[in-house]
Amino acid sequence: MSPKNVVFKKICKDKSVGVYMGKRDFVDRVDSVDPVDGVIIIDPEALQGRKVFVTLSCTFRYGRDDMDVMGIAFRRELYLSTRQVYPPLQDREKGIHTKIQAKLLRKLGDNAYPFFFEFPDNLPCSVALQPAPHDIGKQCAVEFEIKAFSAESQDAKIKKRSTVKLMLRKVQYAPEGEGMAPSVETTRDFVMSDKPLHVKASLDKEIYYHGEPIKVHVSITNDSSKNIKNVIVSVDQVANVVLYSNDNYVKSVAIEEPGDSVSPGATLQKVYTLLPLLANNRERRGIALDGKLKHEDTNLASSSIVKEGVLKEVLGIMVSYKIMVKLIVGGSVAPVCVSVEVGLEVPFKLMHPKPDTGKETDISPAVEMEEEMEFQEFKRSYLKGMMDDEEEDGNVSGGDDMAPKEK
């Protein structure tokens, strides 16, 4: 997540427009989402009479750029909002500014103009499906982006050299308050067996944090005449691509198979410990990951929490987790023994804890606040495939393929 006091800065190639933002992670609290705010800096001489606009977009990409067929891109814009920043439509001094905007406006001077967006409550969080090691191009993902550009009008052709954009991330944290610890049990009857097999699986709590071991309490009472040959316990990630096909991708991201067996008339009480980590799944295609910025590391995707009443079909990729307890049950003594499976699914949530903001304090003197700011600049020279005079109708590719420089 973005460090405190860091201001992200990016200037377009022709120096006409620049973007300053105090953060790039925006929290979805289910009933509300952090607003997107920042400041645009302009160079009146470089603009040469053009206007300046800023857009906030949410895009669902379900194919690489090189898969585009007959001009039809494998991506869908879920949300797009545009504001005119310059010439300003209202007096800058009469507007209501956030704390970081007020600090930046004081520091950057008269050629700085604020922008502000409200997220709608029906947009997905940033998530991506991990590509295979040999895959190239952009992966299937839900992405957010701020783009600022100068043009004659909002609908005019946009030059890449007059465009700057920053990737954003919409995240969810674990809700406050602990739900009931999940517990599931089942009883299975078998042919030619007078008594059944009873299995119970339970967890210590409903929500686990990334990197936290998960203890699964398994209780097996085998009153049947069948022999349980093996017990397999796994963490399964379910990624539901709901936007275009309602496909389900079920991947085991942690598994324990110690070879436990339970003979007829016996019982087993055991705690299995699982640790789902991206580090153990980096080569596997289709694993859902939390969205990331630049080339920083990420983690397994967090569980999706959806506001009641929101259509799931517009949420792109939804992620959930479950503990799968699978028993391999063999037949009784006979010439032919056919194994069957008995399974239990225990749902739970895997998320990040809410950051501790108690240490943050407000500093009132303007000088002290301005001294706190540390600018992290993204250098345009690292942008791959940049053509000086190329024009575009929509988004600019390669937004975060740049090396950051702090100063």
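S81 and R83 are linked by a side-chain donor-acceptor pair at a separation below 3.5 angstrom, with hydrogens and angles left out of the test. Side chains of S224 and N222: a donor-acceptor N/O pair is present below 3.5 angstrom, by distance only. A side-chain donor from one of S162 and R50 sits under 3.5 Å from a side-chain acceptor of the other. No side-chain N or O of T298 forms a donor-acceptor pair with one of D290 less than 3.5 Å apart.
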Ignoring hydrogens and angles, write down the donor-acceptor pairs under 3.5 Å from the side chains of residues 256-263, residues two or more places apart or on other chains.
residue, atom, partner, partner atom, Å
E257, OE2, N230, ND2, 2.8
D260, OD1, K270, NZ, 3.3
D260, OD2, K270, NZ, 2.8
D260, OD2, Y272, OH, 2.6

* Going through the distances and angles, do D28 and V171 end up as a side-chain contact (heavy atoms from CB on, under 4.5 Å)? -> CA-CA 6 Å; D28 181 351; V171 298; over 6 Å; no

* Trace of the salt bridge (charged side-chain N to carboxylate O under 4.0 Å, His left out) decision for R61 with E143 -> CA-CA 8 Å; R61 183 185 301 276; E143 299 173 331; 3.8 Å; yes

* Asked: Would S202 and H217 satisfy side chain to side chain donor-acceptor pair (under 3.5 Å), going step by step from the backbone distance to the final call?
  -> CA-CA 5 Å; S202 61; H217 302 263; 5.3 Å; no

* To do: Dump the intermediate steps for side-chain contact (heavy atoms from CB on, under 4.5 Å) on V7 and I100, then the final yes or no.
  => CA-CA 9 Å; V7 174; I100 187 65; 4.1 Å; yes

* side-chain contact (heavy atoms from CB on, under 4.5 Å) evaluation trace for V36 with L168 -> CA-CA 9 Å; V36 178; L168 309 181; 4.0 Å; yes

* Show your working on side-chain contact (heavy atoms from CB on, under 4.5 Å) between I317 and C140 and close with a plain yes or no. => CA-CA 9 Å; I317 303 173; C140 177; 4.1 Å; yes

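The minimum heavy-atom distance linking Y209 with A174 is given by the pair CE2-CB, 3.8 Å. The two residues L274 and S234 make their nearest non-hydrogen contact at CD1-C, 3.8 Å. The heavy-atom pair separating Q101 from P114 by the smallest distance is NE2-CB, 3.6 Å. Shown here for P276 and V253, the closest heavy-atom pair between the two residues is CB-CG2, 3.8 Å. The two residues Q130 and N281 come nearest to each other via the heavy atoms NE2-O, 2.8 Å. Across S302 and Y321, no two heavy atoms sit closer than the pair C-CE1, 4.4 Å.
Cation-pi check for K251 over Y249 is not met; the charged atom does not lie both under 6.0 angstrom from the ring centroid and within 45 degrees of its normal. A cation-pi contact links R24 to F8, judged by a cut-off of 6.0 Å to the six-membered ring centre and 45° from its axis.
One N or O on the side chain of S193 and one on the backbone of S225 form a donor-acceptor pair closer than 3.5 Å. At distances below 3.5 Å, not a single donor-acceptor pair connects side-chain atoms of Q172 with backbone N or O atoms of R29. In terms of modelled atom types and a separation under 3.5 Å, the side chain of R284 and the main chain of S252 share a donor-acceptor contact.
Taking the six-membered ring where tryptophan is involved, the planes of Y86 and Y113 are tilted, since the angle between them lies from 30° to 60°.
Sorted by first and then second residue, the salt bridge (Lys or Arg N to Asp or Glu O under 4.0 Å) pairs involving residues 209-222 (not counting sequence neighbours) are K205-E212.
Atom-to-atom distance recorded for S183:OG and L203:CG is 8.5 Å, nearest 0.5 angstrom. Here the CD1-NE2 distance, from I207 to H352, works out to 13.5 Å after rounding to the nearest 0.5 Å. The distance from the NE2 atom of H210 to the CG atom of L277 is 10.5 Å, given to the nearest 0.5 Å. Here CD1 of I41 is found 11.5 Å from OG of S16. Values are rounded to the nearest 0.5 Å. With rounding to the nearest 0.5 Å, the separation of CZ in F119 from SG in C58 is 7.5 Å. With values rounded to the nearest 0.5 angstrom, T59 atom OG1 is found 5.0 Å from E77 atom CD.
A salt bridge is absent between D43 and K15; no separation between the charged side-chain nitrogens and carboxylate oxygens falls under 4.0 Å. Comment: D25 does not engage K170 in a salt bridge, judged by the lack of any side-chain N to carboxylate O separation of less than 4.0 angstrom. The existence of a salt bridge linking E206 and K349 is confirmed by a sub-4.0 Å separation between a basic side-chain nitrogen and an acidic carboxylate oxygen. Classification of K159 and D14 as a salt-bridged pair fails, no side-chain N sitting under 4.0 Å from a carboxylate O.
Partner of H198 under the side-chain hydrogen bond (donor to acceptor under 3.5 Å, both in side chains) criterion, out of T187, T186, D223, T221: T187 alone.
Counting heavy atoms from C-beta on, the side chains of I146 and V54 come closer than 4.5 Å. Side-chain contact between P35 and F116 is present, with heavy atoms from C-beta onward closer than 4.5 Å. Using a 4.5 Å heavy-atom threshold, the side chains of V319 and V238 count as separate. Within the 4.5 Å cutoff, the side chain of L105 has no heavy atoms near those of the K103 side chain. Contact of the V52 side chain with the L47 side chain is registered, since non-hydrogen atoms from C-beta on lie closer than 4.5 Å. Residues T55 and F149 have side chains in contact (heavy-atom distance under 4.5 Å, counting atoms from C-beta outward). No side-chain heavy atom of Y79 sits less than 4.5 Å from a side-chain heavy atom of N122. A heavy-atom distance below 4.5 Å is not found between the side chains of K322 and V346.
In the displayed structure, Q269 atom CD is contacted under 6.0 Å by more than 12 heavy atoms of other residues, nucleotides or ligands.
With sequence neighbours left out, T267 forms a side-chain hydrogen bond (donor to acceptor under 3.5 Å, both in side chains) with no residue at all.
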